**Q** 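Can you keep this structure in mind? I'll have questions shortly.
Reminder, nothing fancy here: chain letters follow the sequence lines and each chain counts from 1. Just so it is clear, the model here is predicted, and its values are computed rather than measured. The analysis underlying the following values was restricted to heavy atoms, covering all of them including side chains, and did not include hydrogens, waters or symmetry mates.
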Protein chains: 2
Amino acid sequence: MRLSNLADYAVVTMCQAARHCGGGKVSAAELASESGLPAPTVQKVVSKLTSAGLLRSSRGAGGGLQLARPAAAISLADIVEAVEGPIALTACVEGEDCAVHEKCSVKPHWPIVNSALRGALAEIPLTRLAQIPQVKEVA
Amino acid sequence: MRLSNLADYAVVTMCQAARHCGGGKVSAAELASESGLPAPTVQKVVSKLTSAGLLRSSRGAGGGLQLARPAAAISLADIVEAVEGPIALTACVEGEDCAVHEKCSVKPHWPIVNSALRGALAEIPLTRLAQIPQVKEVA
DNA sequence: TGAAATCGGAACGAATCAGTCTGATTTAGG
DNA sequence: CCTAAATCAGACTGATTCGTTCCGATTTCA
Ligand code: SF4
Ligand code: SF4
């Protein structure tokens, strides 16, 4: 029930990239320096994000990363799915029949839980994560 | 974002045990046979569930398992936490400071997401999972 | 044309997870 | 009271995935 560190770092990286949206292009090394994450890790993260279509990459000197979509149109679910693969709590949700998929009585209930969970993540756009402060009273 | 197979099997096992709640005591081998899961795996699962306090175990001949609480008072979150440990999407939610917990701007937002997610799981009691049929129109 | 800078993918090591097994404990019966 | 069976409980091994790191292919600027 804990998402991988790569996914977490991907969220941080995307949040950092969202701030440079106006500038347009930012290098991975720049994002690593500003966020404090290890540079190679950021490189791997942006690689996956680019493959998923969330980031736009420009090779060569002066190149860098760029948000492929508006920050408001990117949700946590998108980032998590880009790094961790499809959101599926159990194997049967994905279609991969487990060993006891025939007798399992809770199988029909998993899609409901899965949808509720994904919906909760989809309700959090990237713009909300970019807002740093003013949320101290929730602790 | 996928819970471990052990947690999934734990849910199935608990669901199966809930049906024998009236009888009182059921052996782990019995649950394994009825659910179709591998017997050793069920043994490991019930061991963890007992340690967490969700099941009541009776040693010796004629012993077996028993629900420690009413089926309505056991939620998915309880089962998952018993097997997978605390529900914490990221390290900072648990209190384990990650490498960049100081500069991280999304850290204050994770508890909100985490609570929403756990709430979604806590809303599913074991009694709902025990109801086998009559949910075909949701597909 | 030369060179630098960037992303992209591939390789390595570590950690966790899943599965299996054997042993300690307890009760029922003789 | 003793034997015996049955049960849970914990420890071990193998495998998969995750995390990290490094080096090469590609592109643009000077
Ligand atoms: S069929 Fe049942 S046991 Fe198999 S993956 Fe789905 S929920 Fe889990
Ligand atoms: S502080 Fe930021 S990077 Fe670290 S675990 Fe929390 S959200 Fe992730």
Side-chain angles (χ1 to χ4, degrees), chain A residues 1-10 12-13 17 20 24-33 37-66 68 80 82-86 88-91 96 98-100, chain B residues 1-13 17 24-33 36-66 68 80 82-86 88-91 94 96 98-100:
Chain A
M1 213 49 207
R2 176 177 299 184
L3 53 80
S4 61
N5 292 4
L6 269 301
D8 182 17
Y9 292 162
V12 177
T13 303
H20 294 275
K25 297 176 182 177
V26 190
S27 67
E30 192 79 13
L31 292 173
S33 297
L37 296 170
T41 302
V42 174
Q43 230 169 26
K44 187 175 183 62
V45 165
V46 296
S47 179
K48 284 202 172 186
L49 260 50
T50 305
S51 300
L54 269 68
L55 284 176
R56 200 92 180 194
S57 66
S58 300
R59 306 267 283 254
L65 286 312
Q66 191 173 352
V80 172
V83 177
E84 291 252 309
L89 269 64
T90 63
E96 302 288 335
C98 88
V100 295
Chain B
M1 212 51 206
R2 177 176 299 183
L3 53 80
S4 63
N5 291 2
L6 270 302
D8 182 16
Y9 292 162
V11 175
V12 177
T13 303
K25 297 176 182 177
V26 189
S27 67
E30 193 78 14
L31 292 174
S33 298
L37 295 171
T41 302
V42 174
Q43 230 169 28
K44 189 176 182 61
V45 165
V46 296
S47 179
K48 284 202 171 187
L49 260 51
T50 304
S51 298
L54 269 69
L55 282 178
R56 200 90 181 193
S57 66
S58 300
R59 305 267 283 254
L65 285 313
Q66 193 174 351
V80 172
V83 178
E84 291 252 308
L89 269 65
T90 63
E94 256 286 296
E96 303 288 336
C98 87
V100 295

**Q** Rounded to whole Å, how long is the line connecting atom CZ of B/Arg2 with atom P of C/dC17?
**A** 15 Å
**Q** Tell me the interatomic distance from A/Leu65, atom CG, to C/dT6, atom C1', rounded to whole angstroms.
**A**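 Whole-Å distance recorded here is 10 Å.
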**Q** A/Gln43: which residues meet the side chain to side chain contact (heavy atoms under 4.5 Å, CB included) condition with it, sequence neighbours left out?
**A** none
**Q** Figure out the CG/C1' separation between A/Leu49 and C/dG8, and round it to whole Å.
**A**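 Taking CG of A/Leu49 and C1' of C/dG8, I get 14 Å after rounding.
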**Q** Using a 4.0 Å heavy-atom cut-off to protein, can you give one letter per nucleotide of nucleotides 18-30 of chain C, 5' to 3': B if the base is in contact, S if only the sugar-phosphate is, - if neither?
**A** SBB---BSBS---
**Q** Can you check the A/Glu30 CD to C/dC7 P distance for me, whole Å?
**A**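 Rounded to whole Å, this separation is 11 Å.
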**Q** What I'd like to find out is whether the side chain of B/Thr13 reaches to under 4.5 Å of the side chain of B/Leu37, using heavy atoms alone.
**A** yes
**Q** Of all heavy-atom pairs between A/Ala10 and A/Val83, which one has the smallest distance, and what is that distance?
**A**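 Looks like CB-CG2, 3.6 Å.
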**Q** Base, sugar-phosphate alone, or nothing: which one does B/Ala29 contact when heavy atoms must sit under 4.0 Å apart?
**A** nothing
**Q** Pairs under 3.5 angstrom only: tabulate donor-acceptor contacts from the side chains of residues 50-58 of chain A to other protein residues two or more places apart or in another chain.
**A**
residue : atom : partner : partner atom : Å
A/Thr50 : OG1  : A/Val46 : O            : 2.7
A/Ser51 : OG   : A/Ser47 : O            : 3.0

**Q** Check the distance between D/dC8's P and B/Lys25's NZ and give it to me in whole angstrom.
**A**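 Rounded to the whole Å, the gap is 11 Å.
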**Q** Taking only N and O in the side chain of B/Ser57, is any of them less than 4.0 Å away from OP1 or OP2 of D/dT7?
**A**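 The answer is no; no side-chain N or O of B/Ser57 sits under 4.0 Å from OP1 or OP2.
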**Q** Quick one: list whatever passes side chain to side chain contact (heavy atoms under 4.5 Å, CB included) with B/Glu84, sequence neighbours left out.
**A**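 Applying side chain to side chain contact (heavy atoms under 4.5 Å, CB included) to B/Glu84 gives A/Met1, B/Leu3, B/Ser4, B/Ala7, B/Val80.
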**Q** Expressed as a whole number of angstroms, how long is the span from B/Gln66:CD to D/dT7:C1'?
**A** 15 Å
**Q** I need the CG-C1' distance between B/Leu31 and D/dT7, as an integer number of Å.
**A** 13 Å
**Q** Could you tell me which residues satisfy side chain to side chain contact (heavy atoms under 4.5 Å, CB included) with A/Pro40, sequence neighbours excluded, listed by chain and number?
**A** A/Pro38
